[in-house]
Amino acid sequence: MKANCWMGRNTVEVREVPDPKILNSRDAIVRITSTAICGSDLHLYDGYVPTMKKGDILGHEFMGEVVDVGPAVSNLRIGDRVVVPFPIACGNCTACDHDMYSLCENSNPNAGLAEKFMGHSPAGIFGYSHMLGGYPGGQAEYARVPFADVGPIKIENGLPDEKVLFLSDILPTGWMGAEMCDITPGDVIAVWGAGPVGQFAIASAYLMGAERVIAIDRFPYRLRIAERVGAETLNYEEVDVQDALLDITAGRGPDACIDAVGMEAHYGNPAVYAYDRTKQAARVETDRPYALREAIMACRNGGTVSVIGVYAGFLEKFPMGSLMNRSLTLKSGQCHVQRYLKPLLQRIKNGDIDPSFVITHRLPLQDAPRGYDLFKNKTDDCNKVILSA
Amino acid sequence: MSERHDAMSDRMARTLGWASLALGAAQLAAPRAVARISGVDDSPAARATIPLVGLRELLHAVALLGGQPAMGLWTRLAGDSADLTSLAGAMSGRTGWRRRRVVAVAGAVIAITAVDAYAAMRIRRSREQGHGKAEQWARGVMGLHAAITVKRPRPEVYRFWHDFENFPRFMVHVKSVRTSEDLSHWKVRGPMGKTVEWDAETVEDHRDELIAWCSAKSSFVPNGGSVHFTDAPGGRGTEVRVNLRYHVPGGKAGSVIARLLGEHPEQQVRDDLRRFKQVMETGEVVRSEGRSEGTRALRQALERRAQPVA
Ligand SMILES: NC(=O)c1ccc[n+]([C@@H]2O[C@H](COP(=O)([O-])OP(=O)(O)OC[C@H]3O[C@@H](n4cnc5c(N)ncnc54)[C@H](O)[C@@H]3O)[C@@H](O)[C@H]2O)c1
Ligand SMILES: [Zn+2]
Ligand SMILES: [Zn+2]
């Protein structure tokens, strides 16, 4: 089959690789019809996630048709259409039992490696480094899906791929980002990063009853998409974000702040940007946390900072004093996707939300390298790339 | 870690030590010249700081050349980041040739930071891998301990472990165990494709609580172990604690055991326990394409790429 492989920093290649086979009795093989490139893939592409190996198949947002099932999978049949959640989860362990699927205790065969980096291991993830399992990803014609009796959600015919594909990751991720804010009536929510994840966080915050949602980014075309889902926008290259937020909230600060940017944030001041870039390049700090620093400083006393942007390692100049003295709550996590599949599919069916609004580019799998380039450099007004096999 | 790696790391640290010495001496002896070259000679504060920075460099040199390379490198790294911070400040406040000089110096410091970070990591790595194992070999006993929580009732967990013939399902090195009454015969994958065998006897068996075994006196690889089962608090399942002991004689047997246990024996036991948990909770050992069975988790070089295997 064809698959998009990580070939080193800033290089992906669509190559011919062997077809997947069933390895465990609870596996299914899925013929992929649609898959997407995620902001998380960019962290791998840019080489900031350790333990990638040349030739690893990328991709963790995918859906398709079941073509084979292991002997222990009784809920799926050949021919079923499914969306596959990006965290691999067994459904039997204590974490899964508590709906914390991205912390599944059994799905990372390389847990020992992850423990060295993080103390304890999270769940395995498709196409997301060896430290997180060494699983081939879904930017391919086929994928093996472990624990197929727990993860994938069946989709009835009639709902097009574009409406349901993002159940695999970014829709639930944006939703969880807003949910962690515990929104109550009157709340003003600020969202750093108006990428697809930020855009879904905005839409979700409104569905949960937020009064106002402020989107912060520097790309006008992305801010325009955020506006379409109802956000007010701040371009951090044009205004001072702290001042603007103080004005919008009459001095209180946003009730909750969402970081939908992550470890590769960009920063307006070239000197400070150069400082963190350098340290990141020298691996003295692994992550550039501008958005997170700003979100913490901006948040109102006693408010919540919800981190869905991905971080990989260590931060510098983390404003712990601000967080502690002002009774802030910090919440974070890789999305527990399985937890949200059913309710969000229901909302898509109801017409509460049509996630396809984020898509700007539809390419054949073969053009994955061009897709990465467009999405990374934000050229051609690229917001979200989907690939079809 | 290999001796060559150690020697290389030490050489790197020494080179950096001499560099610190030269830089520190220049900053103390000719602070004005250093200020001019860096483009910060317009600032009295900068001129005053430079000799202090020089003093700092001399301290690094003492540590690096005086046999404390790890310490010297980490303090050098701290120094680099302080320099970068001052330079970032200097950059934003300057224009023209001064700014160009500051940028050039920042570039140089960036490169130095990278070298320091690399050297510090090398040293730390060779330290981490050198300790522990050697000491234990010298004492002649290798004791290993690992624990895990399994979300199954205690009697079930005990029962599964009690049947030693289940071991190959989760212990990667164990090829087979045959049992009869209190005796068991173990076949274990040894170095270079050889099989190592021994007989063991169950010396203690308390239902749902404890099992202990010990290899027969005559065995080539004298070893023993115990496993304790307790209820995890709040209905979290069963806590499993394993202790293993290997007596390490000199000569051939010793080197067989050393190879058998590998570079990271604790890690190996933890991985075995993790697989035990997978079997108990999910029904089988969970596999991924990249994870090559039977290797140590830390040896990433042995990991296959994340692609289906033909
Ligand atoms: N927690 C999860 O489960 C999960 C799931 C999916 C994605 N993510 C993460 O969410 C983040 C966003 O993903 P995406 O697909 O939207 O990526 P993206 O690259 O499309 O969007 C990131 C946006 O952040 C903006 N940005 C950069 N620096 C900024 C700053 N200092 N202030 C404000 N905005 C800034 C960029 O301009 C860009 O528009 C990534 O870190 C990704 O890894 C997390
Ligand atoms: Zn993603
Ligand atoms: Zn689980």
Side-chain angles (χ1 to χ4, degrees), chain A residues 1 3 5-6 15 17-21 23-26 51-58 72 88 90-94 97 105-113 115-116 124 127-131 133-137 142 144 146-147 269-272 274-275 278-279 281-285 316, chain B residues 77 80-81 84-85 87-93 103 106-107 109-118 120-121 148-152 232 236-237 264 267-268 270-271 274-275 277-278 280-293 296-298 300 303-310:
Chain A
M1 68 165 179
C5 302
W6 187 88
R15 316 190 106 210
V17 301
D19 287 349
K21 291 185 297 222
L23 295 182
N24 280 117
S25 60
R26 293 165 65 185
T51 72
M52 286 296 289
K53 244 180 134 76
K54 197 173 167 184
D56 287 351
I57 302 175
L58 294 175
I88 300 172
C90 76
N92 307 109
C93 68
T94 301
D97 213 35
E105 296 158 22
N106 287 316
S107 64
N108 185 0
N110 283 331
L113 203 53
E115 284 168 356
K116 290 282 167 219
Y128 213 79
S129 85
H130 288 260
M131 166 171 97
Y135 291 100
Y142 295 89
R144 177 178 72 94
F147 302 118
N269 180 332
V272 179
Y275 167 83
T278 309
K279 302 199 116 185
R283 300 296 188 272
V284 178
E285 74 179 337
E316 285 216 355
Chain B
L77 267 175
D80 293 342
S81 60
L84 280 170
T85 314
L87 284 164
M91 215 184 296
S92 57
V103 169
V109 175
I110 284 163
I112 291 167
T113 309
V115 175
D116 286 346
Y118 179 67
M121 262 148 58
I148 204 158
T149 303
V150 177
K151 193 171 150 285
R152 307 297 305 168
R236 286 167 173 80
H264 303 281
Q267 182 70 51
Q268 225 175 82
R270 266 206 300 277
D271 284 347
R274 197 159 10 240
R275 280 182 285 266
K277 175 180 165 80
Q278 289 170 358
M280 295 304 303
E281 292 183 356
T282 80
E284 58 192 327
V285 171
V286 178
R287 299 181 56 189
S288 82
E289 283 77 352
R291 172 73 183 179
S292 36
E293 222 67 41
R296 299 177 283 272
L298 285 180
Q300 215 213 324
E303 178 90 0
R304 284 191 296 258
R305 60 195 170 186
Q307 278 187 8
V309 186

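None of these values were measured; they are calculated from a predicted model. Proteins get letters first, then strands, A, B, ... in listed order; numbering begins at 1 in each.
Of the listed residues (A/Asp56, A/Asn24, A/Leu23, A/Ile57), the greatest number of heavy-atom pairs within a distance under 4.5 Å of chain B belongs to A/Asn24. Chain B forms the most heavy-atom pairs under 4.5 Å with one residue out of A/Asn106, A/Leu58, A/Asn92, A/Ile88, and that residue is A/Asn106. Ranked by non-hydrogen atom pairs under 4.5 Å with chain B, the options A/Lys54, A/Glu115, A/Lys21 are led by A/Glu115.
Taking a cutoff of 4.0 Å between a charged side-chain nitrogen and a carboxylate oxygen, B/Glu281 and B/Arg152 do not qualify as a salt bridge. One finds a salt bridge joining A/Arg144 and B/Glu289 here, because a Lys/Arg side-chain nitrogen approaches an Asp/Glu carboxylate oxygen to under 4.0 Å.
Side-chain atoms of A/Ser107 come within 3.5 Å of backbone atoms of A/Gly124 as a donor-acceptor pair (strictly under, hydrogens ignored).
There is no contact between A/Tyr142 and chain B, counting heavy-atom distances below 4.5 Å. For A/Asp19, the part lying near chain B is the backbone, with the side chain staying farther off; criterion is any non-hydrogen pair under 4.5 Å. At a 4.5 Å heavy-atom cutoff, the contact between B/Val309 and chain A is made by backbone atoms alone. Both the backbone and the side chain of A/Pro20 come within contact range of chain B, each with at least one heavy atom under 4.5 Å from a heavy atom of that chain. When heavy atoms are compared at a cutoff of 4.5 Å, A/Met131 does not approach chain B at all. When heavy atoms are compared at a cutoff of 4.5 Å, A/Ala111 approaches chain B by way of both its backbone and its side chain.
Here A/Tyr128 pairs with A/His60 under the ring-ring contact (aromatic ring centres under 6.0 Å, His included) rule; sequence neighbours left out. The side chain to side chain donor-acceptor pair (under 3.5 Å) test applied to A/Ser25 returns B/Glu284, not counting sequence neighbours.
To the nearest 0.5 Å, atoms SG (A/Cys90) and CD (B/Gln278) are separated by 9.0 Å. Distance check: A/His130 NE2 to B/Arg304 CZ gives 10.5 Å after rounding to the nearest 0.5 Å.
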